[in-house]
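Everything on this sheet refers to the single structure shown next.
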Amino acid sequence: MTPDEAVAVCRQAEVRLVRFLYCDNGGIVRAKAAHVERLADRMRTGIGLTVAMQAMNSLDQLQPVEGMGPVGEVRLVPDPSTLRVLPYAPHSAAMLVDHVRLDGEPYEAGPRSFLQRMDAALRERGMVLRCSVENEFSLATHTDEGFAPIDDSLCFSTVGMTASQEVTDAIVAALEAQSIQLEQYYAELGHGQQELSVVPLPVLEAADTQILVRETIRAVASSFGLVASLAPKPWPDQAGNGAHVHFSVWDPSAERNLFHDGARRYALSETAERFAAGILAHTPALLALTAPSFNSFRRLLPQHWSSAFVCWGPDNREATVRVPSTFWGLEEPSTNLEFKPSDASCNPYIAFAGLIAAGLDGIARGLGLPEPMLVDPATLTDAERDRAGAARYPETLGAALDALERDEVLTGAMGELLTASYVAVRRSEFEAYGAMDEAEQYRGHFAKY
Ligand code: GLU
Ligand code: MG
């Protein structure tokens with residue numbers, strides 16, 4: 001879509017403001033908006049943004065990162081193919097943007113260009129990643145103490161479906177209006193907890209879509225006077241909110257699922273096994289990209305169906321990588337892997353790029369998988385888990401960041417500036433939340449994600 005065509009679409013829909021959306025190192029979705037009269041120009045030139053924003057944490061505390069102070073700016077340049085008229089905001093539209101340097105080159109700390117680089121690295125090997133996200137979220141009302149779940153319904157219960165049917169219908173309608181294709185919906189285990197999953201998409205589109213989905217869920221809920229929280233652990237006594245990532249690797253024409261080989265164990269090709277082995281090899285560090293908030297580590301506990309030990313297994317919902325059983329008659333297209341320790345406090349561009357970097361490393365080194373985990377790993381003794389190679393995850397964001405800083409594959413893929421700013425932001429959040437009492441820690445995450 002050219003800038004003029006985008007303007008025409010916006011005019012037709014009587015749009016006044018077009019949000020230029022991005023997700024920062026703290027996983028916060030932020031935006032600046034252009035007026036429709038200036039849109040064609042701003043699409044060509046971008047909107048200016050201070051370089052400091054990639055050093056801003058999710059408490060709006062600016063971190064000291066070299067090159068990210070009060071002097072200097074980058075441009076937010078929209079990708080016209082992502083244009084959506086927003087059904088939940090009056091006379092508004094949105095596009096996802098790239099961070100671009102003033103000389104026109106991609107900004108080294110730009111999350112979307114990190115994913116584009118990893119996508120290109122995979123394509124160089126004749127592969128494209130397709131992924132989809134299962135977003136779990138909690139619907140709540142404001143109370144004097146904070147937030148209370150809208151129901152106390154049971155897992156997959158129709159009572160829970162009924163309790164939220166109006167707001168769910170409105171969310172689904174808003175996603176349809178943005179051409180976002182859903183897979184499934186249900187009322188999940190936790191009080192007020194829901195799950196909406198999106199169909200698999202090429203990785204960049206999947207990350208863009210994840211931002212649009214997060215925006216839509218929160219905004220539509222808010223129009224009902226509710227708060228939708230995608231925070232990893234909304235309440236201490238309730239199930240966590242995962243954002244499990246299902247993924248598979250295809251040939252560039254998307255005709256052949258390169259993860260599928262009907263002649264092998266669980267119909268997983270050698271490529272799939274190597275990719276998964278790479279992910280397992282980097283899991284401790286990957287957590288700092290995929291489950292990267294202080295609150296994330298309250299979710300990643302044994303026997304909470306979120307995974308807590310590094311392992312993989314067929315239909316094992318306590319494994320880092322689950323091999324979901326395929327659908328009858330759709331064995332090839334439905335062969336995929338599910339990465340469990342991921343949540344919506346991540347920056348999806350950075351998280352998906354990290355998964356590719358880890359998977360590519362597994363392929364490059366020809367890594368093999370250990371024996372599959374066929375039981376709940378928490379029911380094994382320490383010695384049995386050691387023999388299976390199923391190490392407990394880092395138990396705090398701080399420990400995951402330590403693992404990330406030691407991981408040369410992931411930091412090498414991210415590059416110096418993105419690594420420095422990302423680690424500074426996330427570590428400052430670990431420290432800031434660590435100094436708060438527990439109630440403040442929960443409240444601090446609830447309405448941000
Ligand atoms: N709510 C669980 C989590 O935190 C996942 C439950 C499930 O979908 O299996 O990841
Ligand atoms: Mg679920």
Side-chain angles (χ1 to χ4, degrees), residues 1-54 56 60 72-116 119 170-171 173-181 198 201-220 222-223 347-350:
M1 191 178 304
T2 65
D4 290 336
E5 284 163 355
V7 172
V9 169
C10 289
R11 284 205 192 285
Q12 172 76 24
E14 296 181 17
V15 164
R16 295 193 177 106
L17 293 175
V18 182
R19 300 175 186 184
F20 285 25
L21 297 177
Y22 72 95
C23 187
D24 70 9
N25 279 332
I28 302 296
V29 183
R30 304 193 194 241
K32 286 188 170 186
H35 189 265
V36 67
E37 290 293 337
R38 309 293 293 141
L39 182 62
D41 277 352
R42 289 295 82 83
M43 286 180 72
R44 292 185 190 100
T45 66
I47 293 184
L49 182 76
T50 160
V51 284
M53 288 310 286
Q54 280 304 85
M56 188 75 108
D60 264 1
E73 72 167 55
V74 290
R75 296 283 144 87
L76 301 176
V77 180
D79 178 339
S81 72
T82 65
L83 177 68
R84 300 293 200 290
V85 175
L86 298 179
Y88 53 78
H91 304 285
S92 299
M95 280 183 270
L96 280 307
V97 303
D98 291 311
H99 288 68
V100 179
R101 292 192 326 209
L102 296 188
D103 65 4
E105 293 299 315
Y107 181 43
E108 293 86 339
R112 202 164 181 268
S113 53
F114 175 34
L115 182 55
Q116 284 157 341
D119 185 28
I171 292 170
L175 292 169
E176 283 175 0
Q178 296 168 85
S179 305
I180 294 172
Q181 177 63 55
V198 176
L201 295 167
V203 67
L204 186 63
E205 217 179 303
D208 290 336
T209 301
Q210 173 63 3
I211 303 294
L212 295 169
V213 169
R214 279 176 56 185
E215 290 291 284
T216 304
I217 291 172
R218 278 195 308 243
V220 174
S222 146
S223 71
N347 177 315
Y349 302 99
I350 296 176

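These values consider heavy atoms only, across backbone and side chains, with no hydrogens, waters or symmetry-generated copies.
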Discussion item. Using side-chain heavy atoms (C-beta onward) and a distance below 4.5 Å, is Met95 in contact with Met43?
Written reply: yes
Discussion item. Under the side chain to side chain contact (heavy atoms under 4.5 Å, CB included) test against Arg112, which residue among Val97, Leu204, Val77 passes?
Written reply: Leu204
Worksheet entry | Minimum side-chain heavy-atom gap His99-Ser113 below 4.5 Å | no
Worksheet item: Ion pair present between Glu14 and Arg11, side-chain N to carboxylate O less than 4.0 angstrom?
Response: no
Item to complete: Kindly compute the distance separating CD1 (Ile180) from CZ (Arg84), expressed to the nearest 0.5 Å.
Response: 5.0 Å
Discussion item. Within this structure, what is the CD-CD1 distance for the pair Glu73 and Ile47, rounded to the nearest 0.5 Å?
Written reply: 11.0 Å
Discussion item. Any salt bridge linking Arg42 with Glu37? Criterion: basic side-chain nitrogen under 4.0 Å from a carboxylate oxygen.
Written reply: no
Practice prompt. Would you kindly say whether Thr2 and Asp4 are connected by a side-chain donor-acceptor distance under 3.5 Å?
Written response: no
Practice prompt. Would you please name every residue forming a side-chain hydrogen bond (donor to acceptor under 3.5 Å, both in side chains) with Thr50, sequence neighbours left out?
Written response: none
Discussion item. Taking the side chain as everything from C-beta on, heavy atoms only, tell me whether Tyr88 gets closer than 4.5 Å to Ile217.
Written reply: no
Discussion item. Pairing donors with acceptors under 3.5 angstrom, does anything connect the side chains of Asp208 and Tyr349?
Written reply: yes
Item to complete: Mind listing the closest non-hydrogen atom pair of Asn347 and Cys23 along with its distance?
Response: ND2-O, 2.9 Å
Discussion item. Any heavy-atom pair between the side chains of Arg75 and Leu102 that's under 4.5 Å?
Written reply: yes
Worksheet item: Between the side chain of Asn25 and the main-chain N/O of Gln54, is any donor-acceptor distance below 3.5 Å?
Response: yes
